[in-house]
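Just below is one structure, and these are the notes that go with it.
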Amino acid sequence: MRRPRRSPEFVLMNKMDDLNLHYRFLNWRRRIREIREVRAFRYQERFKHILVDGDTLSYHGNSGEVGCYVASRPLTKDSNYFEVSIVDSGVRGTIAVGLVPQYYSLDHQPGWLPDSVAYHADDGKLYNGRAKGRQFGSKCNSGDRIGCGIEPVSFDVQTAQIFFTKNGKRVGSTIMPMSPDGLFPAVGMHSLGEEVRLHLNAELGREDDSVMMVDSYEDEWGRLHDVRVCGTLLEYLGKGKSIVDVGLAQARHPLSTRSHYFEVEIVDPGEKCYIALGSLGRRMLWFLLEASSRPLEC
């Protein structure tokens with residue numbers, strides 16, 4: 001039996017369908033390649049005037065140029081801490097360790113520009129989004145380790161509670177908004193001979209539990225009334241309608257010769273800034289947040 005003869009129009013339509021399918025396949029392959037290229041670029045370490053040799057970073061400029069390194073991936077809830085070991089502090093020891101947005105300018109030290117923060121080894125100051133720092137800790141030299149991390153609870157509230165360590169011991173903490181793409185480990189250098197070793201998978205050792213750590217846990221507070229503890233944040237939860245709507249946070253341990261000082265940072269003063277702090281009873285630390293006060297960092 002002879003096959004029915006197909007019309008020229010039918011043959012042309014089949015060829016057009018095959019051609020359309022071929023072009024769709026090519027477009028699909030090109031799209032997959034573009035996605036892979038974007039992902040590869042997104043998770044690529046960035047550096048300028050820095051020589052990278054494995055986990056060793058060394059300054060490679062003329063001392064008038066800032067060297068800056070930004071890691072390929074941000075800190076996460078599961079990997080929330082990193083350390084930098086100072087191999088050689090160089091001529092001036094102008095080494096900075098901190099966190100920056102993904103596309104931070106590599107012509108500036110970490111902490112100098114908005115949405116970045118860093119602990120600077122040469123003066124022990126904390127630079128938080130500006131070129132003028134505040135006294136924070138002690139200076140660091142060759143052999144010292146500087147650590148930086150984000151409290152895990154920060155990834156749930158989108159407010160970064162950032163802490164720094166020196167040789168495994170906490171120096172202090174600060175708060176800043178969490179960048180949409182996360183906060184990336186960064187190292188800055190600015191003088192000849194500076195060299196560090198980067199430990200992106202470092203683990204923070206446990207500190208002495210006998211020392212009061214207002215920076216960390218809710219169980220360090222002996223009394224809480226209309227106040228919520230979220231890491232280092234204290235937030236007023238009362239109605240704020242009258243003078244009796246007072247929030248109170250009283251520490252569990254008193255001041256002592258070993259732990260005789262504390263300070264707070266007002267993150268948001270609220271409507272009227274009814275915030276008070278001092279000592280109560282047997283030198284117990286206490287904080288008073290009243291009438292629509294907002295987060296307070298301890």
Side-chain angles (χ1 to χ4, degrees), residues 47 50 55 57-59 66-71 74-75 79-101 104-106 108-151 154 159-179 182-191 194-205 207 213 215-216 231-232 261 263 265 267 297-298:
F47 50 90
I50 296 285
D55 59 357
L57 312 178
S58 54
Y59 181 71
V66 171
C68 187
Y69 169 92
V70 179
L75 294 185
S79 179
N80 67 319
Y81 179 74
F82 75 100
E83 283 187 347
V84 169
S85 299
I86 301 178
V87 179
D88 193 330
S89 57
V91 177
R92 298 197 306 268
T94 47
I95 298 170
V97 178
L99 297 170
V100 301
Y104 188 79
S105 171
L106 299 179
H108 297 80
Q109 283 270 26
W112 283 3
L113 297 182
D115 302 321
S116 69
V117 63
Y119 181 18
H120 286 227
D122 59 322
D123 55 13
K125 291 183 178 181
L126 182 73
Y127 290 76
N128 194 347
R130 53 188 301 190
K132 183 178 180 180
R134 65 177 176 88
Q135 202 56 49
F136 185 67
S138 58
K139 298 179 181 180
C140 303
N141 300 297
S142 300
D144 287 330
R145 299 187 337 267
I146 301 176
C148 178
I150 302 178
E151 297 288 358
S154 300
T159 299
Q161 302 169 42
I162 301 166
F163 64 90
F164 290 89
T165 66
K166 178 182 177 182
N167 298 328
K169 296 183 178 180
R170 292 203 182 210
V171 177
S173 61
T174 188
I175 288 180
M176 63 182 292
M178 182 74 79
S179 174
L183 292 171
F184 291 69
V187 179
M189 301 182 191
H190 205 177
S191 75
E194 293 173 350
E195 183 175 310
V196 303
R197 187 164 292 114
L198 181 63
H199 311 283
L200 291 175
N201 298 316
E203 294 185 2
L204 180 61
E207 296 187 17
M213 293 181 59
D215 285 344
S216 303
T232 61
Y261 171 79
E263 63 181 25
E265 178 181 344
V267 179
E297 184 193 6
C298 305

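The chain is numbered in sequence order, starting from 1.
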Quick check: closest heavy atoms across [X] and [Y], and the distance to 0.1 Å?
X      : Y      : answer
Met189 : Val196 : CE-CG2, 3.4 Å
Leu204 : Arg170 : CD2-NH2, 3.9 Å
Asp115 : Pro101 : O-CD, 3.2 Å
Lys166 : Ser138 : NZ-OG, 2.7 Å
Phe164 : Gly98  : CE2-CA, 4.1 Å
Leu75  : Cys148 : CD1-O, 4.3 Å

Pairs meeting criterion side chain to side chain donor-acceptor pair (under 3.5 Å) with involvement of residues 124-137, two or more places apart: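 Listed by first then second residue: Asp123-Tyr127, Asn128-Thr174.
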For Leu183 and Ile162: C-alpha separation, side-chain torsions, deciding distance, then whether side chain to side chain contact (heavy atoms under 4.5 Å, CB included) applies. CA-CA 10 Å; Leu183 292 171; Ile162 301 166; 4.1 Å; yes
Atom pairs and distances, donor-acceptor, side-chain atoms in residues 83-92, under 3.5 Å, two or more places apart:
residue	atom	partner	partner atom	Å
Glu83	OE1	Arg145	NE	3.1
Glu83	OE2	Tyr81	OH	2.7
Ser85	OG	His199	NE2	2.9
Asp88	OD1	Gly90	N	2.8
Ser89	OG	Ser142	OG	3.4
Arg92	NH2	His190	O	2.7

Out of curiosity, [X] [atom1] to [Y] [atom2], how far, rounded to the nearest 0.5 Å?
X      : Y      : atom1 : atom2 : result
Thr159 : Glu151 : OG1   : CD    : 13.0 Å
Asp55  : Leu198 : CG    : CG    : 7.0 Å
Glu203 : Ser79  : CD    : OG    : 9.5 Å
Ser173 : Ile150 : OG    : CD1   : 12.5 Å

Are Met178 and Ser154 close enough that some pair of their side-chain heavy atoms sits under 4.5 Å apart? yes
Got Val187 and Ile50 here, is their nearest side-chain heavy-atom distance under 4.5 Å?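 A side-chain contact under 4.5 Å is absent here.
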Please answer whether the main-chain N or O of [Y] pairs with a side-chain N or O of [X] as donor and acceptor at a distance below 3.5 Å.
X      : Y      : answer
Ser116 : Gly111 : yes
Glu194 : Thr94  : yes
Tyr119 : Phe136 : no

Can you sort out the partners of Phe47 under ring-ring contact (aromatic ring centres under 6.0 Å, His included), two or more places apart, ordered by chain and number?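 ring-ring contact (aromatic ring centres under 6.0 Å, His included) list for Phe47, sorted by chain: empty.
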As a quick check of understanding, evaluate side chain to side chain contact (heavy atoms under 4.5 Å, CB included) for Val97 and Phe82, giving each step before the final call. CA-CA 10 Å; Val97 178; Phe82 75 100; 3.7 Å; yes
By side-chain contact (heavy atoms from CB on, under 4.5 Å), which residues pair with [X], not counting sequence neighbours?
X     : value
Ala96 : Gln109, Pro110, Ala118, His120
Asn80 : Pro152, Phe155
Pro74 : Phe184

